[in-house]
Amino acid sequence: MNKVFHFKSLTSTQDKAKEFSKKGLSDIVVVADAQTRGKGRFNRKWHSGKNGLWMSILLKARNTEKLQYITFIAAISVVEAIKKTSKLRTKIKWPNDIIYKKKKLGGILTEGIFGKNNFMVVGIGLNVNQSGFPKEIRDTASSLRMIKHRFFDVKKLMEGIVHGFYYSYANYYRKNKLGYIQRLWKKHCGTIGKNVTVFTVTKKLYGKAIGIDKDCNLLLKSKNGGIIKITEGDIKIMY
Ligand code: BTN
């Protein structure tokens with residue numbers, strides 16, 4: 001098991017992991033019981049008071065790293081760890097949301113630090129034992145406890161995720177079996193085959209999600225039959 005640095009409260013486990021990277025540390029896990037400035041993709045606020053799993057894995061990187069695959073591996077390991085501990089079949093919503101019955105249980109934020117030494121910080125947030133959420137996210141967020149009506153062992157979930165992450169990282173990513181990562185991700189993905197609305201920074205697009213390309217971009221088939229490549233954005237699945 002990798003060395004785990006556990007804190008009661010941090011601004012963000014991402015910030016702490018970045019601090020550790022400056023000391024030359026890597027292959028460590030930073031966990032906090034609560035974050036005061038948890039962040040999500042697009043610099044959004046990530047609600048992370050007590051009762052969730054807030055963690056960052058710090059990895060050494062080469063400058064050729066494909067961050068999107070790292071995010072995919074993290075999402076796969078979260079879904080599989082949840083399944084092991086709760087039998088719940090959660091789904092991945094492209095690119096990185098962990099979803100159960102349309103509600104968000106977790107998300108991944110992978111950041112690269114490229115300089116003299118390169119690092120990747122894989123931030124994983126999972127709603128575990130919360131019994132409710134602030135008004136802004138009440139309709140869209142859920143927790144394992146709210147779904148299963150019992151408490152979960154946050155540490156056990158963290159260990160399961162780290163174990164699954166490193167297994168795939170060593171056996172598929174490092175050995176360049178990227179196709180296998182995509183296959184696993186697709187197995188757990190609830191987006192492909194669905195009609196979706198995509199919100200990018202500048203536009204709103206409609207279409208059917210038909211797959212992903214080799215860089216993990218989402219491929220959207222628009223009404224006129226054209227294929228649009230989505231590199232980033234939020235999607236809303238039209239169930
Ligand atoms: C998203 O869905 O937008 C990604 C959310 C990532 C949240 C996690 S919680 C642990 C780590 N620390 C942070 O500040 N963010 C990530």
Side-chain angles (χ1 to χ4, degrees), residues 2 4-21 28-59 67-79 81-82 90-100 102-113 119-130 133-134 136-137 139-144 152 154-155 157-162 165 185 188-191 198-201 216 218 230-237:
N2 302 65
V4 178
F5 291 87
H6 178 258
F7 297 86
K8 279 203 154 46
S9 175
L10 287 175
T11 50
S12 157
T13 55
Q14 296 292 94
D15 297 344
K16 198 58 165 182
K18 286 176 198 167
E19 250 178 72
F20 280 133
S21 78
I28 57 157
V29 184
V30 179
V31 188
D33 294 341
Q35 300 183 122
T36 52
R37 252 185 288 133
K39 58 175 181 178
R41 283 195 310 143
F42 304 115
N43 243 334
R44 288 183 190 131
K45 176 186 164 83
W46 180 260
H47 291 271
S48 35
K50 281 190 179 157
N51 293 321
L53 169 59
W54 324 124
M55 62 185 275
S56 299
I57 302 175
L58 175 65
L59 301 169
L67 292 187
Q68 199 48 261
Y69 280 92
I70 300 292
T71 303
F72 271 27
I73 291 176
I76 295 163
S77 57
V78 172
V79 165
I82 293 174
T90 52
K91 287 282 172 200
I92 304 168
K93 187 171 78 138
W94 183 89
N96 64 352
D97 287 354
I98 311 298
I99 301 286
Y100 185 75
K102 303 183 195 174
K103 291 202 170 176
K104 183 157 166 167
L105 276 175
I108 321 284
L109 173 70
T110 305
E111 297 178 284
I113 311 170
F119 293 91
M120 290 178 285
V121 184
V122 190
I124 299 170
L126 180 64
N127 298 327
V128 183
N129 289 322
Q130 293 99 323
F133 290 98
E136 311 97 89
I137 55 167
D139 296 337
T140 51
S142 190
S143 74
L144 291 177
F152 285 83
V154 175
K155 187 164 175 257
L157 275 161
M158 180 272 289
E159 287 169 353
I161 292 169
V162 173
F165 179 87
W185 183 89
H188 296 298
C189 172
T191 309
V198 183
F199 301 86
T200 71
V201 180
C216 306
L218 185 71
I230 312 291
T231 51
E232 65 173 356
D234 282 318
I235 61 166
K236 187 164 181 251
I237 301 176

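Side chains are part of it too, since the values below use all heavy atoms of this structure and drop only hydrogens, waters and symmetry mates. Predicted model only: the values in this text are computed from it and were never measured. Every number for a ligand or one of its atoms is a count from 1 in the order of the listing.
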How many angstroms lie between atom NZ of Lys103 and atom CG of Asp97, to the nearest 0.5 angstrom?
14.5 Å

Please could you name the atoms of ligand 1 that Ser12 approaches to less than 4.0 Å, counting only its heavy atoms?
12 (N), 13 (C), 14 (O)

Please state which part of Asp15 comes within less than 4.0 Å of ligand 1, counting heavy atoms only: side chain, backbone, both or neither.
neither

Is Ser56 in polar range of ligand 1, meaning some N or O pair under 3.5 Å apart?
no

Give the residue, atom name and distance (to 0.1 Å) of the protein heavy atom nearest atom 2 (O) of ligand 1.
Lys104 NZ, 2.7 Å

Which heavy atom of Ala17 sits nearest a heavy atom of Val121, and at what distance?
CB-CG1, 3.7 Å

Tell me the protein heavy atom at minimum distance from atom 12 (N) of ligand 1, and give that distance in Å.
Gln35 OE1, 2.9 Å

Working to the nearest 0.5 angstrom, can you tell me the gap between Trp94 CH2 and Ile230 CD1?
6.5 Å

Heavy atom of the protein closest to atom 11 (C) of ligand 1 (residue, atom name, distance)
Thr13 OG1, 3.2 Å

For atom 5 (C) of ligand 1, the closest protein heavy atom turns out to be Trp46 CE3, 3.5 Å

So how far is it from Ile73 CD1 to Ile108 CD1, rounded to the nearest 0.5 Å?
11.0 Å

Under 4.0 Å from any heavy atom of Gly38, which atoms of ligand 1 are there?
14 (O)

State plainly whether the residues Arg41 and Glu232 are in salt-bridge range, i.e. N to O under 4.0 Å.
no

For ligand 1, is Arg44 a contact, meaning one of its heavy atoms is under 4.0 Å away?
no

List every atom of ligand 1 that sits less than 4.0 Å from any heavy atom of Ile108, numbering the atoms from 1 in the order shown and giving each element.
4 (C)

In ligand 1, which numbered atoms sit nearer than 4.0 Å to a non-hydrogen atom of Asp97?
2 (O)

Donor-acceptor under 3.5 Å (Asn127 side chain, Ser142 main chain):
yes

How far is atom 15 (N) of ligand 1 from its nearest protein heavy atom, and which residue and atom is that?
Lys39 O, 2.7 Å

Atoms of ligand 1 under 4.0 Å from any heavy atom of Gly40, numbered from 1 in the order shown, are 1 (C), 3 (O), 4 (C), 5 (C)

Name the one of Glu111, Gln35, Glu19 that satisfies side chain to side chain donor-acceptor pair (under 3.5 Å) with Gln14?
Glu111

Can you find an N/O atom of Arg37 closer than 3.5 Å to an N/O atom of ligand 1?
no

Identify the heavy atoms of Gln68 and Cys216 that sit nearest to each other, and give their distance.
CG-CB, 3.1 Å

For residues Asn51 and Gln130, determine if any side-chain heavy atom of one lies less than 4.5 Å from a side-chain heavy atom of the other.
yes

So the atoms of ligand 1 within less than 4.0 Å of a heavy atom of Met55 turn out to be 10 (C), 11 (C)

Consider every N or O of Arg41 and every N or O of ligand 1, then say whether any pair is closer than 3.5 Å.
yes

Output the distance between atom NZ (Lys50) and atom OG (Ser9), rounded to the nearest 0.5 Å.
9.0 Å

